[in-house]
Asks: 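Please find one structure pasted underneath; my questions will follow.
The chain is numbered in sequence order, starting from 1.
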Amino acid sequence: MSKVVSLPRNTSAEPAAADQSESALLRSIVMALPANVDLDPEPLPQEWVLSGAPIARSKILVRSRDWTSSVVVWECTAGSFTWYYGQDETIFVISGEAFLLLENGSERRFGPGEVGFFPAGTTCTWRVAESIRKVAVLRESMWRPLGFCLKAWKKLLRMVGISGKSPL
């Protein structure tokens, strides 16, 4: 049973000015209980699997308007596999645990409440003992000069009043 919740829209006929900006903000908010989100099968590529028979499932909760970022709930059963990060990925472990195998042969445990960041282009070997469920924020990486120009352009638009200030 999926627990993704969209907040209700303001249905009053003539909302006050303050209510208009608040209701616009609420329409864009997504709330979820990641431990209870129904997930869809997302098989690991067979060539990534090193041992066991890990079964992965996931669900995209939300994607940014420009499609450069998304929030995903992902889980996997026991096994060992190589993972290729095509996007920057920040993870927050909800339940279970996984072990990142380091080059020197040691392992780094990721368990409930822990956060990790993996830049695009990274390759890691993972061992999942029983299962793991995580929330991942995926972001397309951008060539640094282009990112700087985009940031400067947005600031310029705010300074000349073409783009509004953040409601936060």
Side-chain angles (χ1 to χ4, degrees), residues 1-9 22 25-148 150-151 154 166-168:
M1 167 171 55
S2 181
K3 294 291 185 180
V4 175
V5 177
S6 293
L7 295 177
R9 295 175 187 245
E22 182 177 320
L25 177 63
L26 291 179
R27 281 192 302 270
S28 64
I29 293 175
V30 173
M31 295 176 63
L33 296 172
N36 299 333
V37 172
D38 287 332
L39 306 179
D40 300 320
E42 184 184 312
L44 295 172
Q46 195 57 42
E47 62 271 14
W48 292 14
V49 177
L50 303 173
S51 67
I55 298 171
R57 301 178 333 130
S58 70
K59 172 75 81 184
I60 296 175
L61 296 180
V62 66
R63 185 169 282 148
S64 63
R65 289 182 187 163
D66 62 5
W67 283 53
T68 61
S69 301
S70 56
V71 177
V72 175
V73 177
W74 185 87
E75 73 177 12
C76 188
T77 61
S80 180
F81 51 89
T82 301
W83 191 268
Y84 300 92
Y85 293 88
Q87 301 171 303
D88 290 341
E89 182 170 330
T90 302
I91 66 166
F92 180 80
V93 178
I94 302 300
S95 62
E97 64 182 3
F99 298 87
L100 175 62
L101 304 176
L102 304 175
E103 290 177 1
N104 65 6
S106 64
E107 297 181 329
R108 166 56 167 93
R109 179 186 177 274
F110 281 85
E114 292 190 280
V115 173
F117 174 75
F118 304 88
T122 303
T123 301
C124 294
T125 301
W126 289 95
R127 181 177 64 82
V128 178
E130 292 182 25
S131 67
I132 186 169
R133 184 175 274 227
K134 68 180 182 180
V135 172
V137 177
L138 307 174
R139 186 184 70 83
E140 294 292 341
S141 58
M142 189 179 297
W143 184 50
R144 183 171 278 175
L146 181 58
F148 176 78
L150 179 61
K151 199 169 186 174
K154 287 182 176 184
S166 169
L168 305 175

Asks: For N104 and S106, which heavy atoms make the closest approach, and how far apart are they?
Replies: OD1-OG, 2.6 Å
Asks: So which atom in I132 and which in A98 form the shortest heavy-atom distance, rounded to 0.1 Å?
Replies: CD1-CB, 3.5 Å
Asks: Give a yes or no answer on whether the side chain of D88 reaches the backbone of P119 with a donor-acceptor pair at less than 3.5 Å.
Replies: no
Asks: Would you check if E114 and K134 make a side-chain contact, meaning some heavy-atom pair closer than 4.5 Å?
Replies: no
Asks: Using modelled atom types only, decide if a donor and an acceptor are shared between the side chain of R127 and the backbone of L101 within a distance under 3.5 Å.
Replies: no
Asks: Has E130 got more than 12 heavy atoms of other residues, nucleotides or ligands less than 6.0 Å from its CD?
Replies: no
Asks: Considering non-hydrogen atoms only, spot the tightest contact between L39 and R57 and give its length.
Replies: O-NH1, 3.4 Å
Asks: Nearest 0.5 Å please: distance from the OH atom of Y85 over to the OG1 atom of T123.
Replies: 9.5 Å
Asks: Supply the atom-to-atom distance R108 CZ to C124 SG, rounded to the nearest 0.5 angstrom.
Replies: 12.0 Å
Asks: So do the side chains of F81 and C76 get within less than 4.5 Å of each other, counting heavy atoms only?
Replies: yes
Asks: Can you give me the closest heavy-atom contact between A129 and A78, atom names plus distance?
Replies: O-CB, 3.2 Å
Asks: The test is ring pair (Phe, Tyr, Trp, His ring centres under 6.0 Å); show your working for W74 and W126 and say whether it passes.
Replies: CA-CA 14 Å; W74 185 87; W126 289 95; 8.7 Å; no
Asks: Given 3.5 Å as the limit, does a donor-acceptor pair link the side chain of T125 with the main chain of T82, or not?
Replies: no
Asks: Verify, without hydrogens or angle tests, whether T68 (side chain) and E140 (backbone) share a donor-acceptor contact under 3.5 angstrom.
Replies: no
Asks: What distance do W83 atom CH2 and L100 atom CG have between them, rounded to the nearest 0.5 Å?
Replies: 13.5 Å
Asks: Can you name the nearest heavy-atom pair linking G52 to P54, along with the distance?
Replies: C-CD, 3.5 Å
Asks: What's the spacing between I94 CD1 and E75 CD if we round to 0.5 Å?
Replies: 11.5 Å
Asks: Can you tell me how far the CZ atom of F118 sits from the CD1 atom of I91, to the nearest 0.5 Å?
Replies: 4.5 Å
Asks: What is the minimum heavy-atom distance between S70 and I60, and which atoms define it?
Replies: CB-CG2, 4.3 Å
